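A short worksheet on the structure shown next.
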Protein chains: 2
Amino acid sequence: MGTTQLDAVQEPKYWHLKSVLSDALDSEFAVGEILPNERDLAARFGVARATLRQALDQLELEGRLQRRRGVGTTVAPPRIGVPVGSGQHTWPDEQELWEPVSVSLESAPAAIARMLGTDGGEKVHTVRRIRARGGQTVAAQLLYVPARSVPGVDGDDVAAARVVRELGRHDMAGQDRTVELGSARAEDARELDRLPGAPVLVVTTRYTDAGRTVAVSVDTYRADTCRLTFSDDGSLLAG
Amino acid sequence: MGTTQLDAVQEPKYWHLKSVLSDALDSEFAVGEILPNERDLAARFGVARATLRQALDQLELEGRLQRRRGVGTTVAPPRIGVPVGSGQHTWPDEQELWEPVSVSLESAPAAIARMLGTDGGEKVHTVRRIRARGGQTVAAQLLYVPARSVPGVDGDDVAAARVVRELGRHDMAGQDRTVELGSARAEDARELDRLPGAPVLVVTTRYTDAGRTVAVSVDTYRADTCRLTFSDDGSLLAG
DNA sequence: TAGTGGTCTAGACCACTCA
DNA sequence: GAGTGGTCTAGACCACTAG
């Protein structure tokens, strides 16, 4: 005959564990507080460490936890609202949000070259910048500016700020923007203080002037700590 | 003395594995093609199955692979561009994108009630809808409409379409929108044909009319198959 | 040097799909 | 019923942080 029914719907352990921990986080822990270490937690819940880690992985993905090797696991603060703009007011140098790190002049990766129309292999200024907010680096950017978009810039040894300034001469009429999930490449991970492969939100923007694409930026935001905000009118409401 | 230097930078196995698989995906596999099963792949690369799975997990997160229990792992098509709008042209019923599933009249969750200003516990029409694109359900929505926003709707037994239609009477003047990473709740997962906990992009929109919040929607998009697109002018460029 | 999270192994069993 | 991906275990060692 067997058990009549309703044996519980076979919810995976790590899923149930996540709920329990999530509730505990709400009621028993303050932001910044350190959790017991993984071995202890696993023992306390009577599961293998790998199973516990599955639950912690999810909570970290949702921005509830923050883990640092050699240190421990802490309760994360609410995500930071990061204005990504939406209206005409946004261009690559809006409000000095981005701090230049480096520049180079090279051919763009295939996917970018296609957007820029530089498939022929024309050289592109590749500006690397970072964006901080709340005392933390929240995003790493690669800004691709074809040489033809900034005729005022010449020579090989160019400052990042110079390229950006020259780019500002354009009437940035419109822009297309996409947001998707990605995982941090080694280089970005280093700048975001995360491990390679960490989940990130990738914002790709194509800046156009009179129908022509004058620049493309690929912005990599920490997905654990950031909430991208858009708004319709002038008043940017961050959170 | 030890080995001089350059012992390879201690790149984790699964990370290297991911690169190798990623390259193979580009050069040797067509979209939709089935990969060897996990046990075979692990053996072929000389790693434990768990390690191989770490690499596959990442590739799936990036939308390169699609895995289905009982079936196998296939090469995923490029992500679908899903217009999420940006300009004034967007309101909850734009272009009949959303198909109603159900409605109920209840108190909103705390976080939503705060945005709506219904902290007192006023009843809110909760409309559940789904959005399809390319023959696939790409998003599940919860649309919260306070009873006061749709005075034309009365009684307990209300059709979802009715609520949405009445809501359309408002001048949706502006809207704030946020995008963040989340994991699919059981209910959403079912509708998106994913497992609970699958990574999703959560788009939260607050619709306002003359400064007052008249509705809030929480849209849960599949992160593996979707690329959210925004644009500045009338012409929505999807991809 | 002690303690933390990150990686890795070699197994086992389960839930699901499909012929 | 055979084959797939999903869950889980009980270990081990490594990389990193901090006292």
Side-chain angles (χ1 to χ4, degrees), chain A residues 2-3 7-19 21 33-61 65-76 183-184 186 189-190 193-199 224, chain B residues 2 7-19 21 33-61 64-76 183-184 186 189-190 193-199 224:
Chain A
T3 58
D7 270 19
V9 267
Q10 273 300 96
E11 193 177 49
K13 277 190 189 179
Y14 77 91
W15 187 253
H16 178 247
L17 206 52
K18 184 192 145 192
S19 316
L21 288 169
E33 199 167 340
I34 303 182
L35 265 61
N37 73 54
E38 297 183 349
R39 291 163 180 85
D40 286 353
L41 274 179
R44 179 175 316 184
F45 287 107
V47 300
R49 192 179 154 215
T51 303
L52 173 81
R53 278 180 60 82
Q54 258 187 291
L56 294 185
D57 285 346
Q58 288 244 358
L59 289 169
E60 193 182 22
L61 191 82
L65 293 180
Q66 203 162 335
R67 293 194 279 184
R68 275 183 306 167
R69 172 158 36 178
V71 179
T73 301
T74 58
V75 180
S183 50
R190 205 175 322 120
D193 189 28
R194 302 251 58 200
L195 292 178
D224 55 342
Chain B
D7 269 19
V9 267
Q10 272 301 94
E11 193 176 48
K13 278 190 188 180
Y14 78 90
W15 187 255
H16 179 245
L17 206 52
K18 184 192 144 190
S19 316
L21 287 169
E33 198 168 340
I34 303 182
L35 266 62
N37 73 54
E38 298 184 349
R39 290 163 181 83
D40 286 353
L41 274 179
R44 179 175 316 185
F45 288 107
V47 300
R49 192 179 154 216
T51 303
L52 174 80
R53 278 181 61 83
Q54 257 186 292
L56 295 185
D57 284 346
Q58 287 242 2
L59 290 169
E60 193 182 22
L61 190 82
R64 308 284 312 271
L65 292 179
Q66 202 162 337
R67 293 193 280 185
R68 275 184 305 168
R69 168 154 46 176
V71 179
T73 301
T74 57
V75 180
S183 51
R190 205 176 319 120
D193 189 31
R194 302 251 57 200
L195 292 178
D224 56 341

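Residue numbering restarts at 1 for every chain, and letters A, B, ... go by the order of the sequence lines. In what follows, every heavy atom counts, from backbone to side chain, and hydrogens, waters and symmetry copies are set aside. Not measured: the values here are computed from a predicted model.
- One interatomic measurement links the two molecules: CG of B:Leu195 to C1' of C:dT17, which rounds to 14 Å at whole-angstrom precision.
- The nearest whole Å value for the distance from the CH2 atom in B:Trp15 to the P atom in D:dC14 is 23 Å.
- A close approach under 4.0 Å does occur between a side-chain nitrogen or oxygen of A:Arg67 and OP1 or OP2 of C:dG6.
- In this structure, B:Ile34 atom CD1 and D:dG3 atom C1' are separated by 12 Å, rounded to whole Å.
- The number of heavy-atom neighbours closer than 6.0 Å to CG of B:Asp40, taken from other residues, nucleotides and ligands shown, is above 12.
- For the pair A:Asn37 and C:dG3, the criterion of a side-chain N or O lying under 4.0 Å from OP1 or OP2 is not met.
- In this structure, of C:dT9, D:dC8, D:dG5, it is D:dG5 that holds the atom nearest to the side chain of B:Glu38.
- A sub-4.0 Å separation between OP1 or OP2 of D:dC8 and a side-chain N or O of A:Tyr14 is absent.
- No hydrogens or angles were tested; on distance alone, a donor-acceptor pair under 3.5 Å links the side chain of B:Arg39 to the base of D:dG5.
- Computed from coordinates, the B:Gln66 CD to D:dT4 C1' distance equals 15 Å when rounded to whole Å.
- Residue A:Arg68 has no polar side-chain atom (N or O) positioned under 4.0 Å from OP1 or OP2 of C:dT4.
- For A:Thr51, a side-chain nitrogen or oxygen approaches OP1 or OP2 of D:dT9 to under 4.0 Å.
- Considering all non-hydrogen atoms of both residues, B:Ala184 and B:Leu195 come closest at CB-O, 4.5 Å.
- Within the nucleic acid shown, B:Arg49 comes within 4.0 Å of at least one base atom, counting heavy atoms only.
- The only option from A:Arg44, A:Arg53, A:Arg69 that meets the salt bridge (charged side-chain N to carboxylate O under 4.0 Å, His left out) definition with A:Glu38 turns out to be A:Arg53.
- Protein atom NE2 of B:His16 is 16 Å distant from nucleotide atom P of C:dT7, rounded to whole Å.
- With C:dT9, D:dA15, D:dT7 as the candidates, the nucleotide lying closest to the side chain of A:Arg69 is D:dA15.
- The shortest distance between side-chain heavy atoms of B:Leu21 and B:Phe45 falls below 4.5 Å.
- Residue A:Asn37 qualifies as enclosed at atom CG: its count of foreign heavy atoms under 6.0 Å is above 12.
- Residue contacts shown for B:Leu56 are absent, as no nucleic acid heavy atom lies under 4.0 Å away.
- Atom NZ of B:Lys13 and atom C1' of C:dG6 are 14 Å apart (whole Å).
- Taking atom CD on A:Gln54 and atom C1' on D:dC8, their separation rounds to 8 Å, with Å as the unit.
- The two residues B:Arg194 and B:Glu60 come nearest to each other via the heavy atoms NH2-OE2, 3.3 Å.
- When the side-chain nitrogen and oxygen atoms of A:Arg53 are compared with OP1 and OP2 of C:dG6, one or more of them lie within a distance under 4.0 Å.
- Phosphate proximity of D:dG5 to B:Thr73: present, with a side-chain N or O under 4.0 Å from OP1 or OP2.
- The separation between B:Glu11 atom CD and D:dA15 atom C1' is 15 Å, rounded to whole Å.
- Judged by Watson-Crick or G-U wobble contacts below 3.5 Å, the nucleotide C:dC14 has D:dG5 as its partner.
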